[in-house]
**Q** 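Before I ask anything, here is the structure I am working with.
All of these numbers come straight from a predicted model, not from anything done at the bench.
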Amino acid sequence: MMQIDSISWKQMTDVPQVNTNSTGSAAGFVDVLSSLIQEEASSQLVERSITQLAPGVTFKDGLLWQQLGAVQESNSYYPVEGALNDTGATKPTTFEELITSAGERYGVPVSLIKAVIDAESSFDPNAVSSAGAKGLMQLMDGTARGLGVSNPFDPAQNIEGGTKYLSSLIQRFGGELAMVLAAYNAGPTRVAGLGASSDEELMSMVHMLPEETQAYIGKVMNAQSKYSL
């Protein structure tokens with residue numbers, strides 16, 4: 001489930017529909033990330049149960065995949081370097097034309113859009129989380145309206161809105177992929193509040209993010225590797 005704030009609303013309306021390729025990889029990030037994953041891989045998996053949440057639910061229970069039981073972590077993470085410059089071929093999926101079109105329009109790598117959809121809904125356009133996030137990229141009703149999405153279960157509208165938001169986060173966080181993904185999951189205000197200016201800095205304080213967000217970063221990076229050819 002994406003989290004959004006007032007600053008991001010303004011930035012979203014200003015997102016240029018061009019194909020930009022920004023990167024922000026910091027030296028040593030992959031080593032830090034790998035170390036983090038090795039440490040977490042040695043810990044016991046935590047069982048997550050489905051919970052019916054009241055209005056105002058936060059990101060902690062927002063993602064569909066977080067509601068489906070134990071999360072299987074992987075020890076191999078996709079290197080951030082070049083991830084936002086990836087314009088190469090990708091593994092074909094459902095909604096291929098819609099994803100490719102949105103990626104070209106907002107300058108977001110197709111492999112990243114596919115990875116987010118995979119992590120959020122497993123490509124189920126009718127997915128609904130316990131928090132009420134809907135569709136392929138798990139849009140909350142208020143967020144969907146702000147993105148111009150009238151029907152979040154319509155794949156075309158959902159992909160358009162989610163990709164537009166990803167583009168605004170890429171611009172806001174200077175192309176730092178881990179920061180972008182953390183913001184999509186936990187909200188840009190929370191990530192900005194950490195004071196990190198790069199992925200490397202974010203990983204040095206990743207323990208300050210919810211465990212769900214920490215896992216989400218790696219889940220999407222792994223999925224992007226899977227879809228990149």
Side-chain angles (χ1 to χ4, degrees), residues 1-9 11-12 22-49 51 53-54 56-67 70-81 83-84 112 115-116 119-120 129-131 133 137-138 140 143 165-166 168-224:
M1 179 185 70
M2 66 168 60
Q3 295 291 323
I4 197 165
D5 60 15
S6 58
I7 296 176
S8 290
W9 284 124
Q11 291 183 331
M12 277 191 307
S22 58
T23 60
S25 175
F29 168 72
V30 175
D31 292 337
V32 174
L33 186 55
S34 298
S35 176
L36 170 70
I37 299 312
Q38 289 174 2
E39 179 180 342
E40 291 200 357
S42 64
S43 63
Q44 186 175 5
L45 290 175
V46 178
E47 186 75 17
R48 295 177 173 85
S49 59
T51 305
L53 301 177
V57 65
T58 65
F59 57 87
K60 287 188 177 181
D61 298 293
L63 293 172
L64 178 67
W65 65 267
Q66 291 175 2
Q67 314 305 317
V71 175
Q72 299 297 322
E73 305 293 351
S74 170
N75 291 334
S76 60
Y77 273 55
Y78 182 56
V80 172
E81 184 175 2
L84 292 178
L112 179 59
V116 170
E120 294 282 3
S129 77
S130 63
M137 300 185 78
Q138 291 288 273
M140 295 296 288
T143 301
Y165 186 53
L166 271 176
S168 73
L169 293 176
I170 289 171
Q171 292 187 43
R172 177 169 181 176
F173 292 102
E176 299 287 335
L177 182 58
M179 295 183 70
V180 168
L181 296 177
Y184 193 94
N185 176 254
T189 298
R190 180 158 192 160
V191 174
L194 295 177
S197 60
S198 67
D199 283 346
E200 184 177 24
E201 290 182 10
L202 178 68
M203 298 316 297
S204 70
M205 57 183 72
V206 71
H207 60 281
M208 299 174 68
L209 291 171
E211 291 182 3
E212 289 85 354
T213 301
Q214 296 176 41
Y216 180 76
I217 295 171
K219 185 179 180 74
V220 176
M221 287 182 177
N222 277 329
Q224 186 174 12

**Q** Are the side chains of M179 and L194 in contact, using a 4.5 Å heavy-atom criterion?
**A** no

**Q** Mind listing the closest non-hydrogen atom pair of F173 and A183 along with its distance?
**A** CE1-CB, 3.5 Å

**Q** Can you see which heavy atom on G195 is nearest to which on E201, and at what distance?
**A** O-OE1, 4.0 Å

**Q** Within this structure, what is the CG-CG distance for the pair L169 and L181, rounded to the nearest 0.5 Å?
**A** 9.0 Å

**Q** Can you tell me how far CE of M140 sits from OG of S129, rounded to the nearest 0.5 angstrom?
**A** 6.5 Å

**Q** Look up atom CE in M208 and atom CG in L202, then write down how far apart they are to the nearest 0.5 Å.
**A** 10.0 Å

**Q** Going through the checks in order, is the side-chain contact (heavy atoms from CB on, under 4.5 Å) test met by L177 and L112?
**A** CA-CA 10 Å; L177 182 58; L112 179 59; 4.0 Å; yes

**Q** Go through N185 and V220 one step at a time and tell me if the side-chain contact (heavy atoms from CB on, under 4.5 Å) criterion holds.
**A** CA-CA 11 Å; N185 176 254; V220 176; over 6 Å; no

**Q** For the pair E176 (side chain) and D199 (backbone), establish whether a donor and an acceptor sit closer than 3.5 Å, ignoring hydrogens and angles.
**A** yes

**Q** Give me the atom names and distance for the closest heavy-atom approach of I217 to A178.
**A** CD1-O, 3.9 Å

**Q** Do P210 and R190 have side chains that get closer than 4.5 Å, going by heavy atoms?
**A** yes

**Q** Indicate the atoms forming the closest heavy-atom contact of K219 with A119, along with that distance.
**A** CE-CA, 3.8 Å

**Q** Is there a side-chain contact between P188 and Y165 (heavy atoms, below 4.5 Å)?
**A** yes

**Q** Hey, are E120 and Y216 close enough side-chain-wise for a donor-acceptor pair under 3.5 Å?
**A** yes

